2 protein chains.
Amino acid sequence: MLNSPPRRHVLPRALAAVPDGDLAAPFESLGNPTRLRIVERLAATREVRVSDLALQLGVSQPRLSWHLRLLRRSRIVTTRREGREVLCRLDREAILDHLGRFRALIDGRLSIDPTPSPAAVLGVPTRENPLPEVLP
Amino acid sequence: MLNSPPRRHVLPRALAAVPDGDLAAPFESLGNPTRLRIVERLAATREVRVSDLALQLGVSQPRLSWHLRLLRRSRIVTTRREGREVLCRLDREAILDHLGRFRALIDGRLSIDPTPSPAAVLGVPTRENPLPEVLP
DNA sequence: ATGATGCATAAGGAATCGTTTATCAAACAG
DNA sequence: CTGTTTGATAAACGATTCCTTATGCATCAT
């Protein structure tokens, strides 16, 4: 008699696994002012307790926890447990890796989408831009 | 007797002006898979017609127009009108500027938020992290 | 002028994000 | 063991995003 539970989504994209070379995920993380402030703070302090970070930024503890989860998933920060505290710091190595891949993309040296678009497959000529010339 | 019009928002943040040094805006732009594909495509083709871009990426024309607006606002792409067509290309100079400011932030050389947090103003000591030491 | 083309914008809905207020669970202190 | 502290998670809501369809508005061709 009971309705099936109103389970809304299968998975809130924020929790889905992040493919390794994905650039959208880290950029999306950095595209939020609060998370950018977190990064800024971490850039100035080798390692910070989560609760201290929350105080310093004026962010509620659950909210900071959420943001840290996103930043962890997209490899912007790392956290380690110390007793009942959690210390977090920037994952500078991973960040530089992201930036490097982005530079490659900007320079036309990297494809983020191996499968060509439907139109490209069809070979749509589109006047005089049939899939324009590649940069030298 | 009539209700005031249900005008929902004052301004859809996506349309608000972007402060010059803002980093969140360009990152937010790049944090979307479709827009990242646009950037990738533009990186390989000096200049592209909007309609060609839409075909190549399999994006509807109105949607591409919307994405291009965001990318323009956050200084990722530029567009110029040629007759009734619009050609767009990467704003590489601006992009490198964004990346440079981000590197500065990562290295602790840049503050995105001049006004200290409420807790910081109060001088909250927070155990042994009263506003931790700055990196050497 | 009339029609066709290229792009921008409005309108609308589903999904997601950002936040707050409860809990929950684990680690430590007494 | 009881209670406290620290952080993660759940629930719930408004605000935004992302997309489609429809419409507007120039520009070019006939």
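In what follows, chains carry the letters A, B, and so on, assigned in the order in which the sequence lines appear, proteins first and then strands, with residues in each chain numbered from 1. Note that these values count all heavy atoms, side chains included, but never hydrogens, waters or copies made by symmetry. Note that the coordinates shown come from a computational prediction; the quantities given were computed from them, not determined experimentally.
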Using atom CG of B:L68 as one end and atom P of D:dC19 as the other, report the distance to the nearest whole Å.
13 Å

Quick one: A:F27 CZ to C:dC17 C1', roughly how many Å, whole number?
20 Å

With a 4.5 Å cut-off on side-chain heavy-atom distances among I, L, V, M, F, W and Y, is there a chain of contacts connecting A:L68 to A:V18?
no

OP1 or OP2 of D:dC19 less than 4.0 angstrom from a side-chain nitrogen or oxygen of B:H67, does that happen here?
yes

Quick one: B:L53 CG to C:dC7 P, roughly how many Å, whole number?
10 Å

What are the atom names and distances for every N/O pair under 3.5 Å that joins the protein to nucleotides 26-30 of chain D?
from, atom 1, to, atom 2, distance (Å)
D:dT27, O2, B:R84, NH1, 3.4

Rounded to whole Å, CG of A:L57 lies from C1' of C:dG18 at a distance of 15 Å

Any base atoms under 4.0 Å from A:R72, or only sugar-phosphate, or nothing? Heavy atoms, all strands.
sugar-phosphate

Are any side-chain N or O atoms of B:R75 and backbone N or O atoms of B:P26, one a donor and one an acceptor, separated by less than 3.5 Å?
no

With sequence neighbours excluded, what pairs up with A:T79 under the side chain to side chain donor-acceptor pair (under 3.5 Å) test?
A:R72

So, A:R89 side chain and A:V48 main chain: donor-acceptor pair closer than 3.5 Å or not?
no

Please verify the inter-ring angle class for A:F27 with A:F102; under 30° counts as parallel, over 60° as perpendicular, anything in between as tilted.
perpendicular

Can you tell me how far P of C:dT16 sits from CD of A:E28, to the nearest Å?
11 Å

Measure the CD-CD distance between B:E85 and B:E82 for me, rounded to the nearest 0.5 Å.
7.0 Å

Please check if the side chain of B:R103 supplies one atom and the backbone of B:H98 the other of a donor-acceptor pair under 3.5 Å.
no

Distance below 4.0 Å between A:N32 side-chain N/O and C:dC17 OP1 or OP2:
no

Closest to the B:T34 side chain, choosing from D:dT6, C:dT21, D:dC19
D:dC19

For nucleotides 9-11 of chain D, list the nitrogen or oxygen atoms of the protein found under 3.5 Å from its nitrogen or oxygen atoms, one pair per line.
from, atom 1, to, atom 2, distance (Å)
D:dT9, OP2, A:R69, NH1, 3.3

Please state whether the phosphate of D:dT20, meaning OP1 or OP2, lies under 4.0 angstrom from any side-chain nitrogen or oxygen of B:S60.
yes

What is the distance, to the nearest angstrom, from the CG atom on A:L64 to the P atom on D:dG7?
9 Å

Starting from the C-alpha separation in whole Å, work towards a yes-or-no answer on side chain to side chain contact (heavy atoms under 4.5 Å, CB included) for B:I76 and B:L30.
CA-CA 9 Å; B:I76 303 289; B:L30 296 171; 4.2 Å; yes

Between A:R35 and B:V50, just flag the one whose closest nucleotide in DNA chain C comes earlier from the 5' side.
B:V50

Answer yes or no: is there a donor N or O on one side and an acceptor on the other, between the side chain of B:S65 and the main chain of B:Q61, under 3.5 Å?
no

Can you tell me the distance, in whole Å, between the CG atom of A:L87 and the P atom of D:dT6?
12 Å

Integer-rounded Å distance: C:dC17 C1' and A:L70 CG:
9 Å

